[in-house]
Participant: 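So that we are looking at the same thing, I have put the structure below in structure tokens.
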Amino acid sequence: ADQDYMYDLLVIGGGSGGLAAAKEAVNLGAKVAVLDYVSPSPIGTTWGLGGTCVNVGCIPKKLMHQAALLGEAIHEAATFGWQLDPKAIKINWEALRTAVQNHIKSVNWVTRVELRTKKVEYLNLLGHFKDEHTVIGVSKKGEEKILTAKNILIAVGGRPRYPDIPGAVEYGITSDDIFSLERAPGKTLVVGAGYIGLECAGFLNGLGYEATLMVRSIVLRGFDRQMSEHIAEEMQQRGVRFVYEAKVKKIVKQEDGRLLTDWVDKDGEIHQDVYDTVLFAIGRRSLTQELKPENAGLKLVPETGKIDAVNEQTNVPNIYAVGDVLHKKPELTPVAIHAGKLLARRLYGNSTEKMDYANVATTVFSPLEYGCVGLSEEAAINLHGEDEIEIFHAYYKPTEFFVPQKNVDRCYVKVVALRHGDERVLGMHFVGPNAGEVIQGFAAAIKCGLTIPKLKSTVGIHPTVAEEFTRIFITKRSGMDPKPQS
Ligand code: FAD
Ligand code: NA7
């Protein structure tokens with residue numbers, strides 16, 4: 001390391017972005033330390049090294065989603081000749097939770113070993129700035145350690161927010177708690193209709209728990225409207241109760257331990273219901289305030305507390321940021337990882353490659369999944385005008401849906417493209433099984449400049465659901481019926 005400092009790079013936050021940057025920097029010869037510290041959730045949930053994705057995000061979420069899909073598959077299996085007693089099929093929450101938590105613990109362990117072999121120093125300390133080159137790390141016992149570094153990377157991510165209403169913090173839980181919940185969640189109210197709220201309500205319903213989703217305004221703000229409505233309608237049909245334009249007002253714990261919950265509808269009328277669990281998924285707050293940014297002269301965006309970095313560099317020249325703390329950047333694990341790696345290569349590997357935040361694909365793991373990349377229909381029209389945009393769309397029937405007679409009403413694909421010139425594809429949207437697997441490859445095609453003629457000249461793989469994208473020909477403008485003709 002530079003002789004004046006203990007480290008070349010000090011990373012605050014050992015999650016997706018921080019660890020990726022740390023490992024890459026060490027590979028390139030830098031001396032690196034990572035601080036990672038998890039403050040317990042209000043009900044006391046805590047976890048190991050690796051950040052949100054591994055412990056309380058993508059990974060446990062996908063496993064619980066998979067558990068719900070398997071439940072669905074078991075029932076379908078009977079229609080394919082498997083001999084099962086449908087009455088005997090039910091989830092054992094404790095077994096599911098244990099399986100999920102065991103997997104997480106193994107990932108925590110592998111991460112620790114990897115850091116040790118790569119010689120990244122891992123410090124289980126909560127960090128805050130003393131000045132722009134000095135961080136104070138505080139241990140669980142309150143002991144302080146002073147750490148200095150030439151460069152500092154902020155990768156502290158965020159934590160779920162709670163509404164400011166009586167009982168929310170005392171009795172409510174969030175995605176930080178659900179995946180390790182000791183008792184089965186039972187009848188659950190999920191508050192908030194972003195992707196986390198939808199996913200949680202979706203898998204809880206799929207596992208057999210009564211789930212209500214309380215929507216303040218619309219579902220999935222920021223995503224394509226039509227696709228969002230499709231997945232909400234599908235969830236509703238599968239049994240999730242949706243309460244629109246409503247807000248929770250108060251939660252009181254009854255003597256039997258259940259939660260008496262008051263909520264108000266759009267007309268101001270108060271309603272009451274009793275739940276076993278109330279889960280808030282109303283957005284996340286960046287953990288930047290706790291860093292004492294003023295000590296380093298670090299500026300935050302006042303409204304959000306996020307960091308408005310340029311190529312991951314903050315307003316302080318030697319302080320960088322990646323991941324969920326970045327202002328107006330997608331909050332996704334691969335985004336944090338990619339930005340972290342590229343930053344390390346620019347700092348220690350003579351690279352000039354910058355992170356491209358455009359056309360990042362994503363998937364909502366709702367019971368019927370929704371994958372997308374690029375622009376929504378609304379965003380494309382706003383940007384280019386209605387006359388310049390062509391929307392191709394089609395409903396389709398997955399082959400595997402016929403035998404079990406599954407509902408195909410919302411299996412739908414949409415391609416947003418420029419209407420003139422090279423007819424460049426600007427966005428692709430898919431609702432159906434395995435949406436993430438379907439959309440990933442098309443994201444690469446979009447990076448390569450995919451056009452409508454190229455898409456139409458692609459020969460499909462039959463019988464798959466992804467081939468539906470290669471068969472699209474109906475435009476919204478034509479007024480033709482996009483339903484499959486059979
Ligand atoms: P994090 O992974 O949050 O890591 C930050 C780490 O820093 C944490 O361990 C934190 O405890 C620690 N820390 C904070 N402050 C300090 C401090 N002062 N000192 C020391 N350590 C500190 N993304 C996807 O791509 N796909 C998905 O399917 C997906 N599903 C998700 C589901 C849920 C329920 C949630 C909550 C998120 C999901 N995400 C998903 C988002 C993804 O988890 C995040 O985008 C990603 O983890 C962000 O990485 P990060 O490095 O910015 O921060
Ligand atoms: P999001 O995507 O920010 O969504 C939050 C949802 O919660 C959204 O539907 C909001 O409705 C709703 N919300 C926000 N505040 C409240 C209150 N006070 N009461 C009721 N409902 C509320 O958060 P997620 O937790 O799903 O995801 C977190 C991040 O991960 C997100 O930023 C993604 O980019 C990645 P609104 O539409 O504002 O009316």
Side-chain angles (χ1 to χ4, degrees), residues 10-21 34-40 46-62 64-65 123-129 135-138 153-165 168 174-176 178-179 190-200 203 213-223 228 244-249 263 279-292 304 306 321-326 328-337 339-340 360-365 436:
L10 181 67
V11 180
I12 315 179
S16 311
L19 291 177
V34 175
L35 263 65
D36 191 59
Y37 188 93
V38 179
S39 306
T46 164
W47 51 88
L49 176 63
T52 303
C53 170
V54 169
N55 294 286
V56 288
C58 331
I59 301 300
K61 179 278 296 291
K62 185 79 187 287
M64 293 220 169
H65 172 61
L123 301 159
N124 186 206
L125 302 172
L126 184 66
H128 65 263
F129 284 104
V135 167
I136 298 179
V138 185
L153 174 60
I154 300 169
V156 293
R159 292 290 287 268
R161 290 197 298 118
Y162 287 79
D164 187 16
I165 54 153
T174 68
S175 55
D176 281 355
I178 185 72
F179 306 112
V190 176
V191 183
Y195 83 87
I196 295 173
L198 284 180
E199 289 177 342
C200 290
F203 73 66
L213 188 78
M214 194 157 283
V215 187
R216 178 168 74 171
S217 55
I218 54 169
V219 297
L220 288 180
R221 182 181 301 285
F223 286 85
S228 303
Y244 281 96
E245 293 183 67
K247 273 187 185 167
V248 177
K249 280 284 150 199
W263 52 275
L279 186 152
F280 293 105
I282 63 166
R284 298 172 63 81
R285 187 183 70 80
S286 293
L287 295 175
T288 47
Q289 220 41 279
E290 290 85 339
L291 291 172
K292 303 194 179 168
T304 58
K306 291 200 169 196
V322 292
D324 285 5
V325 292
L326 290 180
K328 289 199 169 152
K329 296 289 189 287
E331 292 181 24
L332 295 168
T333 273
V335 171
I337 292 175
V360 172
T362 186
T363 291
V364 180
F365 293 93

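Predicted model only: the values in this text are computed from it and were never measured. First listed ligand is number 1; within each ligand, the first listed atom is number 1. These values consider heavy atoms only, across backbone and side chains, with no hydrogens, waters or symmetry-generated copies.
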Participant: Who's closest to atom 17 (C) of ligand 1 heavy-atom-wise, of I196, T363, L126, N55?
Facilitator: L126
Participant: Could you say whether the N/O atoms of L332 and ligand 1 ever approach to under 3.5 Å?
Facilitator: yes
Participant: Does any N/O atom on G127 come nearer than 3.5 Å to any N/O atom on ligand 1?
Facilitator: yes
Participant: Under 3.5 Å, side chain of R161 to main-chain N/O of I282, donor-acceptor pair present?
Facilitator: yes
Participant: Where does I12 meet ligand 1, judged by heavy-atom distances below 4.0 Å: at the side chain, the backbone, both, or neither?
Facilitator: side chain
Participant: Return a yes/no value for D324: is any of its N or O atoms, backbone included, closer than 3.5 angstrom to an N or O of ligand 1?
Facilitator: yes
Participant: Out of G137, G13, C58, A339, who is nearest to atom 29 (C) of ligand 1 when you count heavy atoms only?
Facilitator: C58
Participant: Which heavy atom in R159 sits nearest to a heavy atom in D176, and how many Å separate them?
Facilitator: NE-OD2, 2.6 Å
Participant: Just let me know how L287 lines up against ligand 1, side chain, backbone, both or neither, with a heavy-atom cut-off below 4.0 Å.
Facilitator: side chain
Participant: Relative to ligand 1, is L49 under 4.0 angstrom through side chain, backbone, both or neither, heavy atoms considered?
Facilitator: neither
Participant: List the closest protein heavy-atom neighbour of atom 42 (C) of ligand 1: residue, atom name, distance to the nearest 0.1 Å.
Facilitator: T333 OG1, 3.5 Å
Participant: Report all protein residues having a heavy-atom distance below 4.0 Å to some atom of ligand 2; order the list by chain, then number.
Facilitator: R161, V191, G192, A193, G194, Y195, I196, R216, S217, R221, A281, I282, G283, R284, E331
Participant: Record the part of Y195 in heavy-atom contact with ligand 1 below 4.0 Å; permitted values are side chain, backbone, both and neither.
Facilitator: side chain
Participant: Test your reading of the structure: does G17 have an N or O sitting under 3.5 Å from an N or O of ligand 1?
Facilitator: yes
Participant: Would you mind telling me if ligand 1 is within reach of the side chain of T362, the backbone, both or neither, using heavy atoms under 4.0 Å?
Facilitator: neither
Participant: Considering only heavy atoms, does H128 approach ligand 1 within less than 4.0 Å through its side chain, its backbone, both, or neither?
Facilitator: neither
Participant: Decide whether an N or O pair under 3.5 Å exists between S175 and ligand 1.
Facilitator: no
Participant: Does ligand 1 come near enough to E199 that some N or O of the ligand is less than 3.5 Å from an N or O of the residue?
Facilitator: no
